[in-house]
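In what follows, every chain begins at residue 1, and chains take the letters A, B, ... in the order their sequences are listed.
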Amino acid sequence: MSNNIQAVRGMPDILPDEAEFWELFEDTVRAWLRGYGYRPIRMPIVEPTPLFTRAIGEVTDIVEKEMYSFVDSLNGEPLTLRPEGTAGCVRAAIQHNLTAQQPQRLYYLGQMFRHERPQKGRYRQFHQVGVEALGFAGPDIDAEMILMGARLWADLGLEGIELQLNTLGQPDERARHRADLIVYFEERKDLLDEDAKRRLYSNPLRILDSKNPAMQETIAGAPKLIDYLGEASLEHFSAVQRILKDAGLPFTINPRLVRGLDYYNLTVFEWVTDRLGAQGTVCAGGRYDGLIGQLGGKAQPACGFAMGVERLIALIRESGGEPAKRGTDVYVVHAGEAAARMAFRVAEGLRDGGIDTILHCGGGSFKSQMKKADGSGAAFAVIIGDDEAAAGEVSLKPLREAGDGQKRVPVDQLAETIMDALLDWQDENEREEA
RNA sequence: GCGGCAUUAGCUCAGUCGGUAGAGCACUGGAUUGUGAUUCCAGGUGUCACCGGUUCGAUCCCGGUAUGUCGCCCCA
């Protein structure tokens, strides 16, 4: 067993039961995105490595130790499996001049790769739904994107996802705060733990996140970013909050909310849950006004967010979400050579009529075919034996509560008969539920 | 990347104080010639994750590896 090749660690297979669940999730997500006017875009999974080092930031964890980077052995080009979607999306928008005429609302859905230690809700290959609004200065689009999230949770029947909000200000404001922060911690270096010392020059903002009780006092006295923000930044932040309040959406301002990617500015937000253990963030994003210019495009504001599909699906399961197992409409059972040949014609005819049909393949006794028909979840078995084949008819047997007993039906009336019975059955079910 | 815990039939798990193992569910076949789901009968050698060590003998003890899981780091 272990001699066989296994899936790469942290890159699990998604088997049919699970994959059907994913498709339902994706249907909901696509309908939700259409509701806000977002259009799909599909980028490659592999991009030139410099795209990510420039966009995400050289000293971030992602770039330093989590990227699947390799050299294309055929031409020596440095390539990387995308660890996130925004960089590639922005690259595509610049390359094809997408925002030359109009701002763009875009989304994508697909695999991302980060070499982290896997556990539940965190994988080396994982999936994100990314939503990007390019060319919008906000704060209206910021708030819209946040409100979108709330609607999706409702569409998915999820509760207990809370919104955390912060502002990072503009790069110059952040830079002054950062410089003062470093000075502040340098003066108190003996009070810092190893972790904090390591981050002092690479990521001093993260020191503020430390859970070390011994450092809390030092952290509390540190310079606060909000004191470095200019009027425009403060106004942008309060405008976002105003819209959220108007919409009645509760949120928590978390001054320690810092994104792991360098390109963010002004509004940042996270949707978090306490039901998934250590991986509580199911959706996160913010504004990145500098990125398009930084990647060589004409400077334009932008805002976006990404959701972790595995985490959201885990949360749906946690909340008792189970998709209604929907079987096929018809299972065709047949015995005898003439019947087998007719079965193909009948099955194709049913599909012409819009009826989902499984044709029994692989032989087996009548009994075993009927068992398979039942197991398939089909509403009807269509039975063809020598009698039926000779008469140009089939036996139609209801397997659930649809229709009223087994009967013979001419082949040319079969699709219509089944469709009518299915519709009646559907009506009955709806009436019962009401 | 660091630390803890786990790994027995397709699934969920029990078990052997070291003498190579079981249940439920699922699955397959059958209960008079062409009728499922209910009922009855029958059907499991699964390298007890892998490799090595201790032992007369290991699935059970020890070490390593792999994978999962929990926490840390970080993040979706």
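Rounded to whole Å, the separation between the P atoms of B:U35 and B:G30 comes to 11 Å. Nucleotides B:C70 and B:U38 have their C1' atoms positioned 44 Å apart, rounded to a whole Å. Comparing the same atom, C1', in B:G53 and in B:G46 gives a spacing of 25 Å after rounding to whole Å. Taking atom C1' on both B:U45 and B:G22, the two are 15 Å apart, rounded to the nearest angstrom. When the P atom is used for both B:G3 and B:U59, the distance is 29 Å, rounded to whole Å. Taking atom P on both B:C61 and B:G19, the two are 12 Å apart, rounded to the nearest angstrom. Between the P atoms of B:A26 and B:C62, the separation comes to 38 Å (whole Å). Separation of the P atoms belonging to B:G64 and B:U20 is 29 Å when rounded to the nearest angstrom.
With RNA chain B read from its 5' end, the first of the two nearest nucleotides for A:Lys397 and A:His115 is the one closest to A:His115. Residue order along RNA chain B, read from the 5' end via each residue's closest nucleotide, puts A:Ala7 first among A:Gly308 and A:Ala7.
Distance, A:Lys371 NZ to B:A31 P: 11 Å, rounded to whole Å. Rounded to whole Å, the distance from CG on A:Leu158 to P on B:A76 is 19 Å. One can place CD1 of A:Ile161 at 12 Å from C1' of B:A76, the figure rounded to the nearest angstrom. Nucleotide B:A76 holds its P atom 15 Å from the CE atom of A:Met67, rounded to whole Å. For the pair A:Asp374 CG and B:U35 P, the computed distance is 15 Å after rounding to whole Å. Distance A:Tyr108 OH to B:A76 P: 11 Å, rounded to the nearest Å. Here the P atom of nucleotide B:U67 and the CE atom of A:Met11 are 11 Å apart, to the nearest Å. Distance, A:Arg122 CZ to B:G1 P: 12 Å, rounded to whole Å.
Dashed line: the shortest gap from a side-chain N or O of A:Arg117 to OP1 or OP2 of B:C73 is not under 4.0 Å. Side-chain N/O atoms of A:Lys367 include one lying less than 4.0 angstrom from OP1 or OP2 on B:G36. OP1 or OP2 of B:C70 has at least one side-chain nitrogen or oxygen of A:Lys120 nearer than 4.0 Å.
A donor-acceptor contact under 3.5 angstrom links the side chains of A:Tyr228 and A:Asp180, judged on distance only. Side-chain contact of A:Glu388 with A:Ser395: a donor-acceptor pair under 3.5 Å is present, judged by distance alone. Judged purely by distance below 3.5 Å, without hydrogens or angles, the side chains of A:Tyr123 and A:Arg114 never pair a donor atom with an acceptor atom. A donor-acceptor contact under 3.5 angstrom links the side chains of A:Thr86 and A:Glu132, judged on distance only. With no hydrogens or angles considered, a side-chain donor-acceptor pair links A:Thr267 and A:Asp142 at under 3.5 Å.
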**Message:** Only Watson-Crick and G-U wobble pairs with both distances less than 3.5 Å should count. Give RNA chain B in dot-bracket notation, marking inter-strand partners with |.
**Reply:** (((((((..((((.....[..)))).(((((.......))))).....(((((..]....))))))))))))....

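Between A:Tyr68 and A:His115, the angle of the ring planes lies from 30° to 60°, which puts this pair in the tilted group. Between A:His360 and A:Tyr331, the ring planes lie tilted relative to each other; the angle falls in the 30° to 60° range.
Residue A:Tyr123 is classed as a base contact, given a heavy-atom separation below 4.0 Å to a base. Among the protein residues, A:Leu261 comes within range of the sugar-phosphate backbone only, with heavy atoms under 4.0 Å from sugar or phosphate atoms but none that close to a base. Using a 4.0 Å heavy-atom criterion, one finds that A:Glu388 contacts the bases of the nucleic acid, with or without backbone contacts as well. Contact annotation for A:Ser368: backbone-only contact, meaning every heavy-atom pair under 4.0 Å involves sugar-phosphate atoms and none involves a base. No contact: A:Gly364 has no heavy atom under 4.0 Å from any strand. Looking at heavy-atom distances under 4.0 Å, A:Gln406 makes contact with a base.
Counting only heavy atoms from C-beta on, A:Gln128 has its side chain closest to B:A76 among B:A76, B:G4, B:G30. The side chain of A:Gln119 lies closest to B:C70, out of B:G34, B:A37, B:C70. The side chain of A:Lys372 lies closest to B:U28, out of B:U67, B:U28, B:A76. When the nucleotides B:A66, B:G29, B:G36 are ranked by their closest atom to the side chain of A:Leu399, B:G36 comes out on top. Residue A:Phe126 places its side chain closer to B:A76 than to any other of B:G34, B:A76, B:G30.
A salt bridge between A:Asp61 and A:Lys65 is present, with a side-chain N of the basic residue lying under 4.0 Å from a carboxylate O of the acidic one. Under a 4.0 Å N-O distance rule, the pair A:Arg178/A:Glu173 does not qualify as a salt bridge. Look at A:Glu393 and A:Arg408 and you find a salt bridge, because one of the NZ, NE, NH1 or NH2 atoms lies within 4.0 Å of a carboxylate O, short of that distance. Taking a cutoff of 4.0 Å between a charged side-chain nitrogen and a carboxylate oxygen, A:Glu348 and A:Arg351 qualify as a salt bridge.
By the 6.0 Å and 45° rule, A:Arg34 does not stack over the aromatic ring of A:Tyr36.
Counting heavy atoms from C-beta on, the side chains of A:Ser319 and A:Arg275 come closer than 4.5 Å.
The side-chain contact (heavy atoms from CB on, under 4.5 Å) with A:Thr281 is formed by just one residue from the set A:Gln164, A:Glu270, A:Met307; it is A:Glu270.
Of all the residues in residues 25-51 of chain A, not one reaches under 4.0 Å from RNA chain B with any non-hydrogen atom. For the segment residues 276-290 of chain A, residues with any heavy atom less than 4.0 angstrom from an atom of RNA chain B are, sorted by number, A:Gly277, A:Ala278, A:Thr281, A:Val282, A:Cys283, A:Ala284.
Side-chain atoms of A:Gln279 never come within 3.5 Å of backbone atoms of A:Arg122 as a donor-acceptor pair (strictly under, hydrogens ignored).
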